[in-house]
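Throughout, residue positions are numbered sequentially from 1 according to the sequence presented. Worth knowing before you read on, the calculation uses all heavy atoms, side chains too, and leaves out hydrogens, waters and symmetry mates.
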Amino acid sequence: MEQLKAKIEEELRSSSGRIGLAIEIEGESIYVNSEEVFQSASLIKLPILIEAFRQIEIGKLNENELVSITNPAGGSGVLQAFSRDALLTIKDFMTLMITVSDNTATNLLIDKLGMANIYRSFEKMGLQHTALNRKMMDFEAIEQGFDNYTSPLDMMTCLKLVKEGAFLAKQSREAALKILSYQQFQDRLPGMMELDKVKVANKTGSLPHIEHDCAVITNNGKTAYAVVLMDQLDDVFAGKQKISRIGKHIFDYILEKS
């Protein structure tokens with residue numbers, strides 16, 4: 001682990017902007033600014049996914065309910081291009097929220113789940129620095145000072161809730177992890193990995209000057225949890241490359257240990 005720590009430290013020394021990270025591999029960890037608060041960007045969609053599965057478990061939400069597309073949100077995603085007559089299941093919206101970071105799907109789920117319920121569930125999950133204060137693409141709310149926030153440590157907690165623990169039933173955890181494994185944005189943590197050698201389930205987030213990624217990486221029974229949050233970036237492409245290099249260091253380490 002010391003060699004991995006040294007490589008991570010080297011990446012941090014050459015970093016522009018602010019960076020926070022949390023890495024855990026088989027009981028060993030690296031934390032840097034892990035409790036620092038960042039704008040969450042689309043990482044907020046991960047705890048929303050967890051809450052959706054919780055409500056499905058208690059019968060408050062029906063994953064097979066057919067819902068029409070209303071109020072396209074714009075930004076990332078595909079539903080804004082769909083016909084307004086299209087009907088998709090709640091499970092479809094959950095999948096699109098994660099795999100293509102669809103903002104319309106996210107806003108519909110926020111309405112279905114209830115903002116207050118989501119917030120209370122964040123507390124039950126043990127999230128200390130995560131807040132959902134606005135819907136996706138709500139620029140008026142942002143101008144009024146309302147935004148969504150999280151920390152590397154909170155995203156680590158979310159990854160663990162998906163992979164292990166008792167917050168969700170095993171069936172829900174497996175379904176959530178499967179959705180994350182279909183992630184279409186793989187240009188950050190998985191960007192330099194050989195994906196035929198590891199399994200990656202991740203969720204990205206980006207805004208102007210911001211690049212984030214969090215992932216569960218598995219190989220031969222070994223599990224790595226990785227969270228990297230970056231903001232105040234002058235060059236977001238360079239930020240993505242740095243996250244990819246950190247991912248490659250983790251990939252090399254977990255293969256060496258497997």
Side-chain angles (χ1 to χ4, degrees), residues 1-46 101 127-131 147-160 163 180 183 185-195 197-219 222-258:
M1 194 67 164
E2 290 305 314
Q3 187 176 10
L4 177 60
K5 287 182 179 179
K7 290 179 179 179
I8 298 296
E9 288 171 358
E10 181 63 30
E11 294 293 347
L12 299 184
R13 276 195 290 272
S14 62
S15 177
S16 62
R18 187 174 64 131
I19 185 167
L21 63 83
I23 299 167
E24 290 192 16
I25 306 173
E26 298 298 306
E28 297 184 285
S29 59
I30 303 170
Y31 294 108
V32 177
N33 299 325
S34 62
E35 296 189 55
E36 290 286 318
V37 178
F38 292 75
Q39 288 175 272
S40 66
S42 287
L43 292 191
I44 197 71
K45 296 168 184 177
L46 177 53
S101 206
L127 308 183
Q128 301 294 314
H129 312 105
T130 302
D147 210 340
N148 303 325
Y149 299 97
T150 195
S151 68
L153 197 59
D154 277 6
M155 284 297 108
M156 175 69 72
T157 297
C158 289
L159 293 176
K160 289 183 174 180
K163 187 71 170 63
L180 287 162
Q183 176 59 244
F185 299 119
Q186 296 190 327
D187 58 346
R188 273 148 274 194
L189 280 170
M192 296 181 184
M193 296 182 188
E194 297 174 55
L195 296 180
K197 295 183 178 178
V198 293
K199 293 181 180 178
V200 179
N202 69 303
K203 180 71 193 84
T204 62
S206 62
L207 285 170
H209 310 292
I210 292 173
E211 291 295 339
H212 303 325
D213 201 0
C214 64
V216 180
I217 306 152
T218 55
N219 174 265
K222 304 290 186 183
T223 299
Y225 298 100
V227 182
V228 184
L229 277 60
M230 300 186 72
D231 67 7
Q232 302 173 18
L233 293 168
D234 293 326
D235 185 341
V236 294
F237 179 70
K240 286 182 181 181
Q241 287 186 312
K242 182 170 293 295
I243 295 174
S244 292
R245 287 195 298 272
I246 291 171
K248 180 61 162 58
H249 297 321
I250 295 168
F251 168 82
D252 290 340
Y253 179 80
I254 196 172
L255 253 65
E256 180 183 312
K257 298 289 285 187
S258 296

Task: Side-chain donor or acceptor of His209 paired with backbone N/O of Leu233 under 3.5 Å - done: yes
TODO: Would you indicate whether the side-chain heavy atoms of Leu195 and Pro190 approach each other to under 4.5 Å?
DONE: yes
Task: Any Leu153 side-chain heavy atom under 4.5 Å of Val227 side chain - done: no
TODO: Taking the side chain as every heavy atom from C-beta outward, state whether Cys158 and Leu46 have any atom pair closer than 4.5 Å.
DONE: yes
Open item on the list: As an exercise, state the distance from CE of Met1 to NZ of Lys5, rounded to the nearest 0.5 Å.
Closed with: 6.0 Å
Open item on the list: Are there over 12 heavy-atom neighbours, none belonging to Gln232, within less than 6.0 Å of that residue's CD?
Closed with: yes
Open item on the list: Testing the basics here: between Ala41 and Gly205, what is the closest heavy-atom pair and its distance to 0.1 Å?
Closed with: CB-C, 3.9 Å
Open item on the list: Quick check against the 3.5 Å criterion: does Gln183 have a side-chain atom that pairs as donor or acceptor with the backbone of Asn202?
Closed with: yes
- [ ] Would you give the length of the straight line joining atom OG of Ser244 to atom CE of Met193, rounded to the nearest 0.5 angstrom?
- [x] 8.5 Å
- [ ] Report the distance from atom OH of Tyr253 to atom CD1 of Ile8, rounding to the nearest 0.5 Å.
- [x] 11.5 Å
- [ ] May I ask you to test the Val200-Leu189 pair for a side-chain heavy-atom distance under 4.5 Å?
- [x] no
Task: Lys163 atom NZ, neighbour heavy-atom count above 12 within 6.0 Å - done: no
Task: Residues Asp213 and Thr204: side-chain donor-acceptor under 3.5 angstrom - done: no
Open item on the list: For Lys197, is there any backbone N or O sitting under 3.5 Å from a side-chain donor or acceptor partner on Asn219?
Closed with: yes
- [ ] First locate atom NE2 of His129, then atom OG of Ser34, and finally report the distance between them rounded to the nearest 0.5 Å.
- [x] 8.5 Å
Open item on the list: Could you tell me if the side chain of Tyr225 sits less than 4.5 Å from the side chain of Cys214, heavy atoms only?
Closed with: no
Open item on the list: Check Arg13 with Glu10, please: is the shortest side-chain N to carboxylate O separation under 4.0 Å?
Closed with: yes
Open item on the list: Do Ile217 and Ile250 make a side-chain contact, defined as non-hydrogen atoms from C-beta onward lying under 4.5 Å apart?
Closed with: yes
Task: Point-to-point distance, once rounded to the nearest 0.5 Å, from CD of Glu256 to NZ of Lys222 - done: 12.0 Å
Open item on the list: Set out, in order, the CA-CA distance, both residues' side-chain angles and the distance that settles side chain to side chain contact (heavy atoms under 4.5 Å, CB included) for Leu255 and Val198, then state yes or no.
Closed with: CA-CA 8 Å; Leu255 253 65; Val198 293; 3.5 Å; yes
TODO: Would you list the pairs meeting salt bridge (Lys or Arg N to Asp or Glu O under 4.0 Å) in which at least one residue belongs to residues 235-251, sequence neighbours left out?
DONE: Glu11-Lys242, Glu11-Arg245, Asp187-Lys240, Lys248-Asp252
- [ ] Scan for salt bridge (Lys or Arg N to Asp or Glu O under 4.0 Å) pairs involving residues 18-34, sequence neighbours excluded, and state none if there are none.
- [x] Arg18-Glu36, Arg18-Asp231, Glu24-Lys160
Task: Validation row: Leu229, Ile19 side chains within 4.5 angstrom (heavy atoms) - done: no
TODO: Check the pair Met230 / Ile243 against side chain to side chain contact (heavy atoms under 4.5 Å, CB included), numbers first and verdict last.
DONE: CA-CA 9 Å; Met230 300 186 72; Ile243 295 174; 3.7 Å; yes
Task: Pair Asp147, Gln39: side-chain N/O donor-acceptor within cut-off below 3.5 Å - done: yes
Open item on the list: Could you check whether any side-chain heavy atom of Glu194 comes within less than 4.5 Å of a side-chain heavy atom of Phe251, counting everything from C-beta outward?
Closed with: yes
Open item on the list: Taking Thr130's backbone N and O only, do any of them form a donor-acceptor pair with Asp154's side chain (distance below 3.5 Å, no angle check)?
Closed with: yes
Open item on the list: Within the 3.5 Å criterion, strictly below it, is a donor on Ser40 or Thr150 matched to an acceptor on the partner's side chain?
Closed with: no
- [ ] Answer yes if the side chains of Lys203 and Ser42 hold a donor-acceptor pair under 3.5 Å, and no otherwise.
- [x] no
TODO: For the pair Lys45 (side chain) and Ser101 (backbone), establish whether a donor and an acceptor sit closer than 3.5 Å, ignoring hydrogens and angles.
DONE: yes
Task: Separation between OH of Tyr31 and CE of Met156, rounded to the nearest 0.5 Å - done: 5.0 Å
